[in-house]
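Scroll down for the structure; my scribbles are underneath it.
Please read all numbers here as calculations on a predicted model, not as lab measurements.
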Amino acid sequence: MRGWPNASRDTRRAGYLPIHFSDYPDPEKRPSASPGGHPRPEQAEEPGFPGGRALRSNMSILRKLVAGGAATLALLGTAAVQAGAAKDEKDSLIYLHSIEPKTFYQWWTQAEYPRRQLLDGLIFLDGEGKLHPWLAKSWKQDGTVWTFDLRDDVVFSDGSKFNAETVVKNVEFWLKVSTSVPDSFFKEAKAVDEYKVEIHTTIAQPWLANLLSSGGFAINSSPSLARDLKEIGENPIGSGPFVLKEWKRGEEIVLVRNENYRWGPETTHGGPAHLKTIHWKFVPDANARWLALEKGEADLIYDPPSVKWKEATGKYPTSTRYAPGRGQTLSLNTEFGPFADKRVRQAFAYASNRKKIVETLFRGSALYEGNGAYSRTTPDYVDLDDAYPYDPDKAVGLLEEAGYTRVNGDGFRVGKDGKVLEVLFPVYPTIVSPEGYTSLQALQAEAKKVGFKIDLIALTPTDLAAGRYTKPDEYHVYLGYWTMYAPTVLSVNYRPDDGSASGTIFGRQNLNQIQTTGGSPNPHNRVRSKDWKLQEAIVEAHREPDPQARHAKLAAIQQHISDEALALGFYTSTYNLVGQKYLSGLIHNIHGPIFYALKKD
């Protein structure tokens with residue numbers, strides 16, 4: 001490899017589906033990254049895209065299978081013929097992605113991918129995880145106040161100028177559209193003068209610069225934020241290297257070069273993008289994306305099939321990044337159902353055989369992640385891969401201690417109350433890839449060996465938009481990730497709901513916004529933690545000025561979440577890209593790809 005950097009619940013239950021590891025190639029016979037398993041971020045290196053930087057290593061719909069395969073290929077084939085052979089279009093990129101967002105302004109990675117091509121940020125994160133000036137020339141922290149000196153030469157695609165008031169309007173917008181922003185300790189922004197702005201936080205937030213490097217905090221033009229939220233989401237106005245030409249729903253978005261661009265981030269060429277046009281096509285089927293690459297009908301693809309990953313690394317330039325925040329994690333409902341008992345949570349952890357499942361099914365395209373609180377690319381990460389080794393005997397002992405001493409004729413454990421040990425597991429579209437769903441079926445099979453009855457419930461986008469299976473008593477376990485380049489993800493995922501209001505999240509279909517009658521609901525607290533002492537510890541870790549002491553406090557929090565089995569890590573939220581050999585200059589950081597400096601040689 002020369003790489004680069006509303007059916008009823010019962011009618012939709014996927015019953016027990018036997019998965020046998022013998023059905024898949026034995027991962028023990030494949031070369032591993034290191035004798036001890038996967039590499040740590042500081043060990044794993046990959047050469048950059050030709051012409052790009054060497055990068056150092058520090059997610060997809062439950063697709064409708066009927067719409068995959070031949071149907072997707074037929075659609076793709078037509079589009080590819082219309083666009084011409086990918087290689088021959090020297091100034092045009094054909095990029096195949098898996099998921100189409102409903103709007104550009106969902107507070108979600110899949111919407112941020114295309115949005116970061118259109119909107120610039122205050123701070124730039126390169127492929128090696130280093131922060132650089134962008135729209136902000138410099139910044140400094142003084143307690144709860146961060147001060148940014150801004151560029152004075154930036155113009156948005158609508159002709160408006162970038163200045164301090166623009167940043168103020170954007171901070172107000174962020175606070176409006178996402179509950180995770182106040183949980184990240186944002187308070188307000190104030191213009192000091194035309195090109196100096198302060199962002200105030202509720203506590204001394206040491207990772208504000210990290211957060212601002214995300215596409216979620218990219219800057220919209222001030223006039224554009226006066227529009228309806230739907231318009232903002234359908235046509236964001238930024239100062240970025242590309243502008244939106246058209247959005248063909250269900251097919252592609254077309255981006256064209258901003259010829260007036262002169263403020264590329266530090267360490268880049270600075271001027272207009274090398275590409276004139278990007279055809280960002282939505283192809284849900286991973287096999288169809290792979291075949292298009294093989295046929296030369298695509299320049300670059302996202303998330304190839306796991307079964308092709310080893311072949312891809314041998315034939316094409318590839319790039320892998322692990323998202324910060326937390327990876328694909330099993331959040332256990334500690335308020336209702338069987339997982340309210342710590343012993344049952346721990347039994348599930350010992351019985352699930354998660355590491356073997358990931359190594360077997362993902363074939364190196366994603367890694368096992370034992371830390372349920374934290375991703376390996378998040379500052380102050382602690383390796384907890386060995387916290388719950390596969391131990392079915394220990395699991396059985398814990399279940400019997402918890403009162404599940406009898407096994408019925410179907411092999412499921414029964415409690416003292418006569419109820420089967422049944423776990424409701426809704427699986428959300430856009431959150432779990434096909435390989436991810438297969439991994440859940442494997443987990444279902446492993447947990448059955450000690451007596452768990454896992455009901456996998458494949459949900460529809462309509463379910464998600466309506467907020468179904470999010471109420472306290474509607475689920476027992478949830479699989480999901482949260483992308484955030486700061487330990488603040490702990491506050492987002494564990495801050496208790498104050499109980500003063502009800503809210504319905506519909507963000508993955510529209511804007512990530514909570515409609516509430518008051519109070520502070522937290523729909524992202526999927527473990528339903530009521531532990532205010534844990535939240536206080538998270539806040540105190542942020543307030544700690546000494547980096548070593550702060551690391552110790554964050555390590556203790558991660559260990560506590562593991563010891564209590566509140567959330568069990570499963571596999572990394574991984575960005576895999578595979579492209580043709582004639583590409584160079586890809587910028588790929590832990591937030592995803594940026595096509596600004598990409599060339600076709």
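Salt bridge absent: Glu165 and Lys169 never bring a charged side-chain N and a carboxylate O closer than 4.0 Å. For the pair Lys600 and Asp299, the salt-bridge criterion is met [side-chain N within less than 4.0 Å of a carboxylate O]. Contact check on Lys190 versus Glu188 returns a salt bridge, with a Lys/Arg side-chain nitrogen under 4.0 Å from an Asp/Glu carboxylate oxygen. The residues Lys281 and Glu252 are annotated as salt-bridged, a charged nitrogen and a carboxylate oxygen being separated by less than 4.0 angstrom. Salt bridge status for Lys533 with Glu536: absent, with no side-chain N to carboxylate O gap under 4.0 Å. A salt bridge links Lys196 with Asp149: the closest approach of a Lys/Arg side-chain nitrogen to an acidic carboxylate oxygen falls below 4.0 angstrom. Looking at Arg151 and Asp153, a side-chain N of the basic residue comes within less than 4.0 Å of a carboxylate O on the acidic one, giving a salt bridge.
Counting non-hydrogen atoms of other residues, nucleotides and ligands closer than 6.0 Å to NZ of Lys276 gives a total of 12 or fewer. More than 12 non-hydrogen atoms from other residues, nucleotides or ligands lie less than 6.0 angstrom from CD of Glu246. Surrounding CG of Asp142 are at most 12 heavy atoms belonging to other residues, nucleotides or ligands under 6.0 Å away. The environment of NZ in Lys553 is crowded: more than 12 heavy-atom neighbours from other residues, nucleotides or ligands sit within 6.0 Å. Within 6.0 Å of NZ in Lys90 there are more than 12 heavy atoms belonging to other residues, nucleotides or ligands.
Between the side chain of Thr103 and the backbone N or O of Gly233, at least one donor-acceptor pair lies under 3.5 Å. Of the possible polar contacts, none joining the Asp126 side chain to the His132 backbone as a donor-acceptor pair under 3.5 Å is found. Distance alone, capped at 3.5 Å, places no donor-acceptor pair between the Asn576 side chain and the Asp303 backbone. Side-chain atoms of Gln205 come within 3.5 Å of backbone atoms of Ser184 as a donor-acceptor pair (strictly under, hydrogens ignored). In this structure, Asn522 contributes its side chain and Val492 its backbone to a donor-acceptor pair below 3.5 Å. For the pair Gln558 (side chain) and Val382 (backbone), a donor-acceptor distance under 3.5 Å is present. Under a 3.5 Å cut-off, the side chain of Thr377 and the backbone N or O of Ala323 do form a donor-acceptor pair. With hydrogens and angles ignored, the 3.5 Å screen pairs a side-chain donor or acceptor of Arg227 with a backbone N or O of Asn235. Between the side chain of Ser213 and the main chain of Leu211, no donor-acceptor pair closer than 3.5 Å is present. A distance-only check finds no donor-acceptor pair linking the side chain of Ser562 to the backbone of His560 [under 3.5 Å].
Using a 4.5 Å cut-off on side-chain heavy atoms (C-beta onward), Asp228 and Ile232 make no contact. Taking 4.5 Å as the limit, every side-chain heavy atom of Ile594 sits out of range of all side-chain heavy atoms of His588. Residues Val197 and Val168 have side chains in contact (heavy-atom distance under 4.5 Å, counting atoms from C-beta outward). Between Leu598 and Tyr95, the closest side-chain pair of non-hydrogen atoms is not below 4.5 Å. Considering only heavy atoms from C-beta on, Phe124 stays 4.5 Å or farther from Leu135 through its side chain. At least one side-chain heavy atom of Trp108 sits under 4.5 Å from a side-chain heavy atom of Ile99.
If you look at Phe242 and Tyr261, their ring centroids are not closer than 6.0 Å. Ring centers of Tyr368 and Phe570: at least 6.0 Å apart, outside the cut-off. Residues Tyr381 and Tyr322 place their aromatic rings such that the two centres sit no closer than 6.0 Å. Taking the six-membered ring for Trp, Trp207 and His542 have ring centres closer than 6.0 Å. Ring pair Phe595/Trp280: centre-to-centre distance below 6.0 Å. Here the two rings, on Tyr302 and Tyr113, have centers that are under 6.0 Å apart. A distance of 6.0 Å or more separates the ring centres of Tyr494 and His524.
Because its NZ or CZ atom is both nearer than 6.0 Å to the ring centre of Tyr105 and within 45° of the ring axis, Arg115 counts as a cation-pi partner of that residue. In this structure, Arg321 is not positioned above the aromatic face of Tyr575 in the sense of NZ or CZ being under 6.0 Å from the six-membered ring centre and within 45° of the axis.
Taking CG from Leu490 and CD from Gln535, the interatomic distance works out to 9.0 Å, rounded to the nearest 0.5 Å. One distance of note links CZ of Phe156 with OG of Ser222; it measures 8.0 Å at 0.5 Å rounding. A distance of 8.0 Å separates CG of Asn371 from CD1 of Ile561, quoted to the nearest 0.5 Å. Going from atom CD1 of Ile199 over to atom CG of Leu212 covers 5.0 Å, rounded to the nearest 0.5 Å. Rounding to the nearest 0.5 Å places CG of Asn493 at 11.0 Å from OG1 of Thr488. To the nearest 0.5 Å, atom CD1 of residue Ile94 and atom CG of residue Leu300 are 11.0 Å apart.
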Original post:
Passes side chain to side chain donor-acceptor pair (under 3.5 Å), Asp158 versus Ser160? Steps please.
Top reply: CA-CA 6 Å; Asp158 62 1; Ser160 63; 2.7 Å; yes

Original post:
Which is it for Arg376 and Leu367 under the side-chain contact (heavy atoms from CB on, under 4.5 Å) test, yes or no, and what are the steps along the way?
Top reply: CA-CA 11 Å; Arg376 64 193 60 210; Leu367 304 179; 3.7 Å; yes

Original post:
Does the pair Asp152 and Phe162 meet the rule for a side-chain contact (heavy atoms from CB on, under 4.5 Å), with working shown?
Top reply: CA-CA 7 Å; Asp152 61 4; Phe162 168 73; over 6 Å; no

**OP:** Check step by step if side chain to side chain donor-acceptor pair (under 3.5 Å) holds for Thr483 and His591.
**Re:** CA-CA 8 Å; Thr483 304; His591 299 308; over 6 Å; no

**OP:** Could you please spell out the steps behind the side-chain contact (heavy atoms from CB on, under 4.5 Å) verdict for Thr277 and Asp91?
**Re:** CA-CA 6 Å; Thr277 308; Asp91 296 324; over 6 Å; no

Subject >> side chain to side chain donor-acceptor pair (under 3.5 Å) between His279 and Glu89, intermediate numbers included >> reply: CA-CA 11 Å; His279 292 274; Glu89 296 288 328; over 6 Å; no

**OP:** Could you check Ile219 against Asp120 for side-chain contact (heavy atoms from CB on, under 4.5 Å), going step by step and ending with a plain yes or no?
**Re:** CA-CA 6 Å; Ile219 303 295; Asp120 295 330; 6.0 Å; no

Subject >> Test side chain to side chain donor-acceptor pair (under 3.5 Å) applied to Thr144 and His200, step by step >> reply: CA-CA 6 Å; Thr144 60; His200 294 240; 5.3 Å; no

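The shortest heavy-atom contact between Thr574 and Thr572 is OG1-OG1, 2.7 Å. Of all heavy-atom pairs spanning Val489 and Ala373, the tightest one is CG1-O, 4.1 Å. Taking each heavy atom of Val256 and Lys245 in turn, the nearest pair found is CG1-CD, 3.8 Å.
Counted by atom type alone, Ser331 and Arg326 present one or more donor-acceptor pairs between their side chains at under 3.5 Å.
Using a 30° and 60° split on the angle between ring planes, Trp174 and Phe186 fall in the perpendicular class, above 60°.
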